[in-house]
Visitor: 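Pasting in a structure now, in structure tokens, and then I'll have a few things to ask.
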Amino acid sequence: MSADEWEKVRKHRYSDSDTPPEWPAEVRAISIDGVSLFGVHQSSGELYWDGHAVVTEKRLANYERRLALAVTLATVVMAVVEVLRAIGVAH
């Protein structure tokens with residue numbers, strides 16, 4: 001396809017039809033032309049939309065991981081303390 005044809009595909013990538021009422025307001029259906037903007041990386045199998053990788057999972061940020069680790073450690077320490085208190089070793 002020529003650059004002009006790709007611009008036409010990008011211009012009409014969304015369908016003009018209505019979307020189901022349970023979809024978020026910002027979500028639009030993809031037109032038949034818009035489907036040609038999907039691609040798959042040949043070696044990794046990752047999905048792409050108009051040249052951009054499609055993120056299919058959300059990973060925690062570093063601070064969220066550290067916070068989760070701290071909460072987990074605190075929970076384990078509290079559980080050990082409570083077990084020791086229950087058997088009479090700690091007061």
Visitor: Mind checking whether Leu37 and Trp6 have side chains closer than 4.5 Å, heavy atoms only?
Guide: yes

Visitor: Say whether Leu73 and Val81 are linked into one hydrophobic cluster, either directly or through other cluster members, by side-chain heavy-atom distances under 4.5 angstrom.
Guide: no

Visitor: Looking at Leu47 and Val40, what are the two nearest heavy atoms and their distance?
Guide: CD1-CG2, 4.4 Å

Visitor: Can you get from Trp49 to Ile32 by hopping between Ile, Leu, Val, Met, Phe, Trp and Tyr side chains that sit under 4.5 Å apart?
Guide: no

Visitor: Report, as yes or no, whether the 6.0 Å neighbourhood of atom CD on Glu64 holds more than 12 heavy atoms from other residues, nucleotides or ligands.
Guide: yes

Visitor: Keeping Ser31 on the side-chain end and His12 on the backbone end, is there a donor-acceptor pair under 3.5 Å?
Guide: yes

Visitor: Locate the shortest heavy-atom distance separating Val54 from Tyr48; write the atom from each residue and the value.
Guide: CG2-C, 3.9 Å

Visitor: Is it the case that one hydrophobic cluster holds both Val80 and Ile87, taking links as side-chain heavy atoms less than 4.5 Å apart, direct or via other members?
Guide: yes

Visitor: Could you tell me which non-hydrogen atom of Arg28 sits nearest to which non-hydrogen atom of Thr19, and how far apart they are?
Guide: CA-CG2, 4.0 Å

Visitor: Val9 and Phe38: same hydrophobic cluster, using ILVMFWY side-chain contacts below 4.5 Å?
Guide: yes

Visitor: Nearest 0.5 Å please: distance from the CZ atom of Arg66 over to the CG atom of Leu60.
Guide: 11.5 Å

Visitor: OG1 of Thr72 to CG of Leu67: how many Å apart, nearest 0.5 Å?
Guide: 9.0 Å

Visitor: Hey, are Glu5 and Lys8 close enough for a salt bridge, meaning a charged N less than 4.0 Å from a carboxylate O?
Guide: no

